[in-house]
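Indexing begins at 1, ligand by ligand and atom by atom, following the structure's order. Predicted, not measured: the structure shown is a model, and the values here were computed from it.
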Amino acid sequence: MSATVGEFRPPARLLLGPGPSEVHPRVLRAMSAPLLGHLDPAFIAMMEEVKALLRMVFGTANDLTIPISGTGSAGMEACLVNLLEPGDAFVVGVNGVFGTRMAEVAERAGARVVRVEAPWGQIIRAEQIEAALENCERPKLVALVHAETSTGAWQPLADAARLARAHGALFLVDCVTSLGGVPVDVDATGIDAAYSGTQKCLSCPPGLSPVTFGPRAVEVLTRRKTRVQSWYLDLSLLAKYWGEERVYHHTAPISMNYALREALRLVDEEGLPARYKRHALHHRALAAGLGAMGLSLASQEGHRLPMLNAVAVPDGVAEDKVRICLLERHGIEIGAGLGPMKGKVWRIGLMGESSRRASVLLVLSALEQALQAQGRALAAGAGLAAAAGVYES
Ligand SMILES: Cc1ncc(COP(=O)(O)O)c(C=O)c1O
């Protein structure tokens with residue numbers, strides 16, 4: 001490579017897509033601190049703080065609460081390959097990209113996968129889960145995606161937790177997008193295992209996947225008949241590094257752990273109830289603004305996530321042109337639709353640091369201009385006025 005490759009200077013962007021979200025300068029600063037060795041006593045002390053802060057945000061007393069090295073999908077895979085053995089029955093809600101992904105990972109692990117499906121944008125109903133469990137021989141694990149980032153649907157968990165337990169199965173939750181934005185409350189909800197990601201409502205760069213395993217899940221790990229198919233994600237090995245033994249497994253991503261610790265400290269300083277309230281407020285303001293511009297949300301009414309807003313693209317509007325206009329003219333990233341929603345929705349994320357009044361007002365005004373450029377007749381400032389109304393009420 002020649003010296004013509006210069007320093008990389010990312011263009012200024014406001015990240016309002018499905019993740020990563022904006023990152024607080026304190027988190028970026030923490031990442032640039034000098035490295036420690038992964039067995040240095042100072043790093044080990046820091047690991048304990050990360051675990052304690054993760055327990056706080058998950059709402060759990062689970063001892064086995066650690067960040068997996070890798071993005072959210074690594075946490076997903078870690079949970080599935082550790083809890084399932086070949087031939088085990090796995091009941092999974094599939095109503096978007098991430099339930100689909102869980103089913104695929106479990107199939108690769110040799111599980112018997114029972115898909116409980118709902119149209120994209122809708123939630124999985126408790127009766128569907130009950131019926132699947134009743135028709136399933138010895139269900140081992142039930143899993144749902146709490147915040148389906150591909151559709152904006154907010155999945156209720158309590159009934160599924162109860163049903164899983166009544167049928168002798170464990171309950172696993174994907175809270176990649178929900179953690180830190182809406183209550184997850186692992187222990188109070190009756191969740192046996194959960195995984196998340198750093199780059200959504202925790203507002204940390206992508207790179208770690210917090211997981212938590214409760215006592216019933218740990219018991220399943222210890223009673224396995226077969227070895228976990230993935231050496232890298234084998235929780236019994238990882239627990240020896242993150243637990244008291246401190247046995248080397250793989251080199252921990254040092255700077256990412258600094259970043260996560262700082263991001264979690266910010267969550268703690270704000271307080272979870274205030275953080276949830278903030279996410280709800282900015283979602284309400286955005287939804288009011290979109291409504292005043294004649295735009296509607298595509299996910300099921302009453303089950304809409306505050307941090308991920310799937311906006312239906314109006315007829316006659318080129319979805320990609322609007323998105324590209326926002327990026328190139330306004331420096332704002334929003335997401336495109338995936339799968340059956342490709343070309344039909346924009347996904348506006350208001351996650352963590354991105355969930356701010358300024359984000360809402362900027363994206364509404366940029367959308368107004370982009371839609372007008374497509375020939376849509378819009379009353380100037382109507383979206384902004386409606387959003388301002390929510391803030392002033
Ligand atoms: C709900 C959900 N689950 C899992 C993932 C996978 O996470 P990652 O892309 O960090 O591997 C994502 C990523 O967007 C997600 O939104």
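With sequence neighbours left out, the ring pair (Phe, Tyr, Trp, His ring centres under 6.0 Å) criterion links His283 to no other residue. Take His38 and apply the ring pair (Phe, Tyr, Trp, His ring centres under 6.0 Å) test, not counting sequence neighbours, and it matches Tyr248.
Arg357 and Ser359 share no side-chain donor-acceptor pair at under 3.5 Å. Side chain to side chain, Ser21 and Ser203 meet the donor-acceptor criterion of an N or O pair below 3.5 Å.
The shell of residues lying under 4.0 angstrom from ligand 1, judged by heavy atoms, includes Ala147.
Scanning all protein heavy atoms for the shortest distance to atom 14 (O) of ligand 1 gives Lys200 NZ, 2.6 Å. Looking from atom 3 (N) of ligand 1 to the surrounding protein, the closest heavy atom is Asp174 OD2, 2.6 Å. Nearest protein heavy-atom contact of atom 12 (C) of ligand 1 is Phe98 CE2, 3.2 Å. Regarding atom 16 (O) of ligand 1, its nearest protein heavy-atom neighbour is Thr149 OG1, 2.4 Å.
Neither the backbone nor the side chain of Glu148 has a heavy atom within less than 4.0 Å of ligand 1.
The residue from Tyr241, Tyr232, Trp242 that alone fulfils the ring pair (Phe, Tyr, Trp, His ring centres under 6.0 Å) condition with His250 is Tyr232.
Nearest approach of Trp154 to His146, heavy atoms of both residues: NE1-NE2, 3.4 Å.
Counting atoms of ligand 1 from 1 in the listed order, those under 4.0 Å from a heavy atom of Thr177 are 16 (O).
Residue contacts with ligand 1: Ser73 is placed with a nitrogen or oxygen under 3.5 Å of a nitrogen or oxygen of the ligand (distance criterion only). Polar contact check, Gly72 against ligand 1: a nitrogen or oxygen pair lies under 3.5 Å apart. Inclusion of Arg101 in the set of residues having an N or O under 3.5 Å from an N or O of ligand 1 is not warranted.
In this structure, Arg165 is not positioned above the aromatic face of Phe171 in the sense of NZ or CZ being under 6.0 Å from the six-membered ring centre and within 45° of the axis.
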